[in-house]
**Q** 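What follows is a structure written as structure tokens; I'll ask about it next.
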Amino acid sequence: MLSRRTARGYTQEEVVFHSTPYTPVPASLLLPEKPRPGKPAIVALHDHGGFYYLGKEKLLENEAEPERLTVFRKKLYDGYCFGAELARAGYVVLAIDAFYFGGRRLMPESLAPGKARALEGLKPGSTEYIDAYNRLAGSYEDLTAKTIFLAGATWPGILAWDDMRAIDYLVSRPEVNRARIGCVGLSVGGLRAAMLCGLDPRVRSTVVCCFMSTEAAMLRNDVEHHTWMLYAPAAAPLLDLPDVASLTAPNYLMVQYGKRDSLFPDSGKT
């Protein structure tokens with residue numbers, strides 16, 4: 001454990017676990033007031049949103065968060081920190097930084113000289129810096145995806161592996177009832193939830209919000225706007241995204257759509 005703080009209705013611990021021997025994963029664990037053995041637990045999965053600078057913080061309460069994060073959360077989450085709200089409701093909540101976000105984001109100093117010039121002279125953490133950083137990280141998604149593919153892996157595979165290892169960490173905690181684990185996510189968090197519940201039978205209840213469609217319909221209608229993080233080459237003909245999520249049966253699954261979310265056409269929802 002790195003640190004601990006007490007908030008209204010819960011205690012928050014900052015921890016790091018390893019998803020591989022070489023891969024540290026920053027995580028926040030929220031424990032309800034008066035934690036005791038047998039609490040239900042939730043893996044809270046953050047979105048993409050073109051906001052790479054932070055990850056798990058999108059779902060959590062932060063006493064001195066950047067203004068840009070507050071504005072972003074208002075737009076995507078109606079201002080709610082749903083991780084904190086779930087903890088106050090009695091759930092043990094775990095949120096991790098997905099690969100390429102937050103504590104695992106692209107480091108500008110790792111780029112070739114001159115490639116991060118857009119950040120020069122900007123104060124780290126300022127609105128101007130965060131906006132410039134997010135544009136920079138977005139421009140490197142394609143190169144990152146190429147590198148992952150050349151290494152013999154896939155981006156969704158990395159996300160799913162890390163999220164399953166998050167459950168490993170959860171079940172190691174004495175406060176958690178291993179038979180009562182769920183997950184919930186919005187946007188790419190919804191993609192992560194769909195994969196996690198389909199691949200890990202320990203997930204007994206799932207909410208997928210604003211990320212469900214057949215891949216053919218998604219890519220036919222809006223391929224230029226979808227992230228590289230959803231692509232697993234040649235997988236769809238064998239097991240499309242709805243098929244993956246359906247593997248959670250007979251466990252509970254709720255899929256929510258956004259009426260104005262044009263990234264997921266009606267033709268892919270049936």
Side-chain angles (χ1 to χ4, degrees), residues 2-3 5 7-8 10 12-14 16 24-28 30 44-87 93 95-145 155 159 162 184-192 209-211 222 224-230 258 260-263:
L2 302 178
S3 65
R5 73 177 183 91
R8 181 173 62 88
Y10 64 91
Q12 181 171 327
E13 297 182 359
E14 298 304 318
V16 174
V25 179
S28 296
L30 279 56
L45 304 162
H46 71 75
D47 65 276
H48 182 302
F51 198 119
Y52 308 90
Y53 188 73
L54 295 170
K56 55 188 173 60
E57 290 83 5
K58 299 173 183 179
L59 312 180
L60 307 175
E61 294 173 328
N62 306 277
E63 294 179 355
E65 68 183 21
E67 180 184 2
R68 177 55 72 209
L69 175 58
T70 305
V71 172
F72 177 85
R73 189 188 298 114
K74 179 65 176 178
K75 180 179 179 181
L76 267 72
Y77 296 96
D78 203 24
Y80 286 99
C81 304
F82 79 75
E85 295 296 340
L86 286 169
V93 178
I96 72 169
D97 283 333
F99 172 70
Y100 210 67
F101 294 90
R104 305 172 71 191
R105 62 181 179 262
L106 176 71
M107 294 292 104
E109 59 269 23
S110 69
L111 302 176
K115 294 296 184 179
R117 189 171 293 115
L119 302 179
E120 293 178 2
L122 301 179
K123 181 181 178 181
S126 67
T127 294
E128 295 77 16
Y129 184 95
I130 293 173
D131 287 346
Y133 176 85
N134 287 337
R135 289 191 295 269
L136 177 68
S139 72
Y140 273 90
E141 260 206 35
D142 56 349
L143 181 57
T144 302
W155 208 320
L159 297 176
D162 287 344
V184 56
L186 167 72
S187 190
V188 157
L191 168 67
R192 294 166 63 197
C209 185
C210 294
F211 208 113
D222 219 348
E224 65 178 308
H225 295 125
H226 277 294
T227 173
W228 280 102
M229 297 178 192
L230 71 89
R260 292 174 289 179
D261 190 349
S262 61
L263 291 174

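In what follows, every heavy atom counts, from backbone to side chain, and hydrogens, waters and symmetry copies are set aside.
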**Q** Of all residues at least two apart in sequence or in a different chain, which pass the side chain to side chain contact (heavy atoms under 4.5 Å, CB included) check with A87?
**A** Y10, L30, V93
**Q** As an exercise, state the distance from NZ of K58 to OG of S187, rounded to the nearest 0.5 Å.
**A** 8.5 Å
**Q** Would you say the ring centers of Y52 and Y100 fall short of 6.0 Å from each other?
**A** yes
**Q** Sorted by first residue and then second, give each salt bridge (charged side-chain N to carboxylate O under 4.0 Å, His left out) pair with at least one member in residues 129-144; sequence neighbours left out.
**A** R68-D131
**Q** Between atom OG1 of T227 and atom NE2 of H48, what is the distance when rounded to the nearest 0.5 Å?
**A** 3.5 Å
**Q** If you take all heavy atoms of L159 and F99, which pair is closest and at what distance?
**A** CD2-N, 4.2 Å
**Q** Between atom CZ of F82 and atom CG of L60, what is the distance when rounded to the nearest 0.5 Å?
**A** 9.0 Å
**Q** Can you confirm whether R192 sits close enough to I96 that some side-chain heavy atom of one is under 4.5 Å from a side-chain heavy atom of the other?
**A** yes
**Q** Kindly compute the distance separating CZ (R73) from NE2 (H46), expressed to the nearest 0.5 Å.
**A** 13.0 Å
**Q** Excluding sequence neighbours, so at least two apart, what forms side chain to side chain contact (heavy atoms under 4.5 Å, CB included) with L76?
**A** D47, F72, L186
**Q** Please tabulate, one pair per line, all N/O donor-acceptor pairs under 3.5 Å involving side-chain atoms of residues 104-126, not counting sequence neighbours.
**A**
residue: R104; atom: NH1; partner: D97; partner atom: O; Å: 3.0
residue: R104; atom: NH1; partner: D162; partner atom: OD2; Å: 2.9
residue: R104; atom: NH2; partner: D162; partner atom: OD2; Å: 2.8
residue: R105; atom: NH1; partner: Y53; partner atom: O; Å: 2.8
residue: R105; atom: NH1; partner: G102; partner atom: O; Å: 3.0
residue: S110; atom: OG; partner: M107; partner atom: O; Å: 2.6
residue: S126; atom: OG; partner: K123; partner atom: O; Å: 2.7
residue: S126; atom: OG; partner: Y129; partner atom: N; Å: 3.1

**Q** How close do G258 and C210 get, counting heavy atoms only, and between which atoms?
**A** N-SG, 3.8 Å
**Q** Say you draw a straight line from CE of M229 to CZ of F101; how long is it, rounded to the nearest 0.5 Å?
**A** 3.5 Å
**Q** Taking atom CZ as the centre, does R5 end up with more than 12 heavy-atom neighbours from other residues, nucleotides or ligands that are less than 6.0 angstrom away?
**A** yes
**Q** Excluding sequence neighbours, so at least two apart, what forms side-chain hydrogen bond (donor to acceptor under 3.5 Å, both in side chains) with S139?
**A** none
**Q** Could you list the residues that satisfy side chain to side chain contact (heavy atoms under 4.5 Å, CB included) with E14, not counting sequence neighbours?
**A** L2, S3, Q12, S28, K56
**Q** For the atom pair NZ (K74) and OH (Y80), what is the distance rounded to the nearest 0.5 Å?
**A** 8.0 Å
